[in-house]
Amino acid sequence: MIKLSKIDKYYDSRFQRTFILKGINLEVNQGDFLTIMGPSGAGKSTLLNIIGLLDEPSAGEYYFWDEPAHQIREKQKVQYHRTHIGFIFQAFHLIDELNVYENIETPLIYRGVKGKERKALVADFLDRFNIVAKKDLFPSQLSGGQQQLVAIARAIIGSPKLLLADEPTGNLHSEQGEMIMKLLKKLNDEGMTIIQVTHNEKFAQYGNRIIRIEDGLVRSDAMNIALQAEV
Amino acid sequence: MPMFLKSIKIIFRELFNNKVINGINIFGLAIGIAAILFISQYIRFENSYDSFLKNKESIYRLVLNRHYTTGLDQSVGNNYMAGQLANDNIPEIESFLRCKKSTQFIKVEDEIFKEERVFYADSSFFDLFSYPVVSGFKPEFLRAPNVAVITESLARKYFGNENPVGKTIHCVNPGSTPIYIQGVVKDVPSNSHLKFDMVISLESQIGPSYCYTCNNTNTYFLLREGSDAEEVSEKITGVAMDFFESEGYKLDFKIDFQLQKLTDIHLRSHYRFEHEANGNYKYQLALLIVALFILMSAWLNYSNIFKSLIKKKIKSLGIRKINGASWRSFALDFILETLIIGLISLGLAFLLLTLLFPELKSYLNLGYSSDTILDPQVILFSFLVIAGISICIGTFMSLQFLKTIPLQLIQRKGSVTRGKRPRNFVLIVQFSIAVFLIVCTFMAIKQIHFMQESALTMNIDQVLTLKRPVDKNYNSNQREFEQSLKNIPGVLETSYSTVTPGEKNGWVKGGIAIKGSDQLSDQFFQSSVSPGFFNFFGVKLLAGRLFFPDETNWEGGTKQIILNKQAALALDASNYDELLGKILVDNDDQNEMGEVIGVVDGYFQNSLDQEVPPTIFNPDQFGYFIFIKFKGKSPVELVSQVKDQYNDFFKDNYFEYFFLEDYFNKQYQTHVQFNRCFILFSLMAIAISVLSLLGVVTMSMVERIKEIGIRKVNGAKISEILLLLNKDFMKGVVAAVLIATPIAWFAMNKWLANFAFKTELSWWVFVLAGLVALWVALLTVSWQSWQAATKNPVEALRYE
């Protein structure tokens, strides 16, 4: 599904070039639950953002379903964001001015989903995530865990093929984190491809494959034995 | 349309969430829009003068230029011959019209009315000027002596609902002439330079004694299509010269004629014998610039607030983009938002204008009604402008966001101090504008006060003026009347003259020189005054003596005259004493004007914004204007007592009176109005600046709330915090004062150049304006900063 080859990301300052990512090769298959780990500043988030088309590589090639994604234009990017990729963030990034219902509805509007269908879908998701009672509240009135729930609902309501999660549990306490991770696992079981970045060893184990990045390089790439053993 | 409605719903939600800031924004914008709407309406009205006339493009008025050594005298008064001569000799002229304005006392049945807008005119009047006729047979209008056409409202005033056509009224002076009413026309629109209530045929006035050489007739020409006005002017000058030559008339000053376009009269003509005080296009320009300043101020406020709100929203824009928002949906949101704010402001502006219009109308003496403001065309136009601007802003903003990478939008660190500099810049510009306008207002007040009080060396306080009938038979009554006035307790003194201060003197004599000198002649004004006239008004004698009580120039014998300083200078006198005993003669016929017995200074016939013209004063035993100086008496009581006496001595005449100071100060009407405009605009500019400051302070307090908390936890006193918070803003205001001062100084210097008598540009005016601005700013800032400074620091720090 995703193929990265020799991806570089660097910034040029006056005298030197600072590499964030250097020669990253990575393949992700449909149905994977990939965890990216590594110390702060290793380039995890940058890699995720490149995969999510929020950032552009400085060099290298990136194929999304055999399409050269490193060459696509702004307009196509919007299409990818509308139909293929969903995001969740550490800071939730809900739209403060919109209530829960409207936040979840946002991607559907941009996708041009008709009013009736939209209503049904949002209602369905509110129900599935058990937040029907909260639908008229604004983000500032919700707890962190609840906000992340809404964010996930918003990310997947358009049924994207790929869900990118940048430290989804970073701002949550462990109990809520656990809940979110279980939800992601469930989504993965239902067939969603997920790539998450995390610091948390325990939550990392939810993925079926873990790669570790250090100083812009992939240090290790392994199938998650522990999880498979558990399952 | 659900998405569209949804956007609107969300925009309103956001507006309410930021009530204060958006309120400030909308209110500021409304003031700016109101200012520009108001001014554009005013300018539109001023420029619409006479545009309702059908022939407006081909009607011209004749201007007579007389080039004297003392200067150029321009007048729209011409002699009675000029029009006819030009019409007979110049093929480009299709027809001509002579008319003159006069005040008449009209007797209808037993009542006497004073009518100030009466015109005597040729029968071509209603052919040239397409005033719509209500009743009567137009081809006959004004073709016989003693016939008149009146307006609808005058007809109503005289006859109620009866048809006035065929009725007869009487002109009281001279000698109760019957006037037959031929027709009724619609009332003259207020945007006409020639406002009349009654037009009487000019033939009624032309008797054997008619003055054919007087220069007081307005002459209009209707030119044939395609003729060049400039060329025709030259031809008229040529015809006039030929005429003078054939009559053996020798001019010792140069004259020429020029044609002015009808539609230029209201804004560009300020000559002698105008029908009314005209507007000035320079003032319009000044007002327009000021209105643009205010709009700019409001715009800066808007963009400032817009930017800070965008900063708040930047994250959500990023999220929207990640969720697949297209350029178009951004554009739609931005356009809707600006449109909604713009339309609310526009609505508010219209509301403000209509609510305040009655006040403004009387305050600024406007000639038009509020319908002009609520004209659908204007509303549509302003709506389209706002829509256009919204589309531009929306498109521009969405294109900006199209280019940025969404990640940057999300990751941008909230709102730290990044926007501080532009905000301060905006404040400085706004306060500069406000300070500039305040200085202008103060200076205008100072100048008007200077002209009315300090520079006016003659004493016109507490003087009641009346007009006695012109008829010579009343001369003997005048003396007795004056005697009887002196018996009224409270009356100190009386005097008289042929022309009252504040009225334009129409008695001009060209070609005057010292007898025996070959000096070029000059144009002098003349007036006849009572011997005690100069003492009465406290006018200073520079040389020689004043008139003796029984002196007069109109009963034969030797003549004595007093000159004013300007006349002495026009005669090239190096000191005033050398003129004494000299005799002035009229170069035309070598008639003696009289022997110079004195030179005075400080008598003002007209307002002090114009130069005092050279004037010759003749002693006289009678005069039409009678001045009564009084003290310690209620004016109302005085008027009623004087009226009783008047009715005894001048039976059956209209008692016309005014208080001299009020009458004289009426001449400053345009300046007073101009000043009132400035007061209004200064208030608007201050209001916008205060709103803007309030907005900036509110935003900055929110940003600094944590800083304030930390400082307080570390032991800062409230006063120290206040100082810290206020300091930055005060610096901005001080900078604004420093910027505005030289600009205002320059502008006011230019403005003062328009006045013959000008006040000084005192430093304290600038200091005062600066203090006003500082005080207003300090009050605004302190109100907010006090709240921030006194907040419990724990509360502030808990925000984390």
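In the text below, chain A, chain B and the rest are named by the order of the sequence lines, each starting its count at 1.
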- Item | Over 12 foreign heavy atoms within 6.0 Å of CG, A/Asp66 | no
- Query: Roughly how far, to the nearest 0.5 Å, is NZ of B/Lys313 from CD of A/Glu97?
  - Reply: 6.5 Å
- Query: Which residues in residues 15-22 of chain B have a heavy atom less than 4.5 Å from any heavy atom of chain A?
  - Reply: none
Distance-only criterion, 3.5 Å: show the donor-acceptor pairs between side-chain atoms of residues 78-87 of chain A and protein atoms not counting sequence neighbours.
{"from": "A/His81", "atom 1": "NE2", "to": "A/Gly52", "atom 2": "O", "distance (Å)": "3.0"}
{"from": "A/Arg82", "atom 1": "NE", "to": "A/Tyr110", "atom 2": "O", "distance (Å)": "3.2"}
{"from": "A/Arg82", "atom 1": "NE", "to": "B/Gly324", "atom 2": "O", "distance (Å)": "2.7"}
{"from": "A/Arg82", "atom 1": "NH1", "to": "A/Tyr110", "atom 2": "O", "distance (Å)": "3.1"}
{"from": "A/Arg82", "atom 1": "NH2", "to": "B/Gly324", "atom 2": "O", "distance (Å)": "3.2"}
{"from": "A/Thr83", "atom 1": "OG1", "to": "A/Gln79", "atom 2": "O", "distance (Å)": "2.8"}

- Mark yes when over 12 heavy atoms from residues, nucleotides or ligands other than A/Glu56 sit less than 6.0 Å from its CD; otherwise mark no. no
- Task: Just grab all the ring pair (Phe, Tyr, Trp, His ring centres under 6.0 Å) pairs involving residues 311-349 of chain B, residues at least two apart or on different chains.
- Result: B/Phe334-B/Phe401
- Item | Atom NZ of A/Lys3 with >12 non-hydrogen neighbours under 6.0 angstrom | no
- Honestly, the part of A/Asn103 sitting under 4.5 Å from a heavy atom of chain B is neither
- Item | Over all atoms of both residues, closest heavy-atom pair of B/Arg13 and A/Asn99 | NH1-N, 3.9 Å
- Select one option (side chain, backbone, both, neither) describing which atoms of A/Phe138 are under 4.5 Å from chain B's heavy atoms. side chain
- With sequence neighbours left out, what residues match A/Asp55 under side chain to side chain donor-acceptor pair (under 3.5 Å)? A/Lys9
- Item | Over 12 foreign heavy atoms within 6.0 Å of CD, A/Glu190 | yes
- Query: If you count the non-hydrogen atoms of other residues, nucleotides and ligands that lie under 6.0 Å from CH2 in A/Trp65, is the total more than 12?
  - Reply: yes
- Query: Side chain, backbone, both or neither: which part of B/Ile319 has a non-hydrogen atom closer than 4.5 Å to chain A?
  - Reply: side chain
- Task: Counting only heavy atoms closer than 4.5 Å, note whether B/Arg328 contacts chain A via side chain, backbone, both or neither.
- Result: neither
- Query: Could you state the interatomic distance from CG (B/Asn323) to CG (A/Leu108), rounded to the nearest 0.5 Å?
  - Reply: 9.5 Å
- Rounded to the nearest 0.5 Å, how far does OG1 of A/Thr106 lie from CD1 of B/Ile322? 12.5 Å
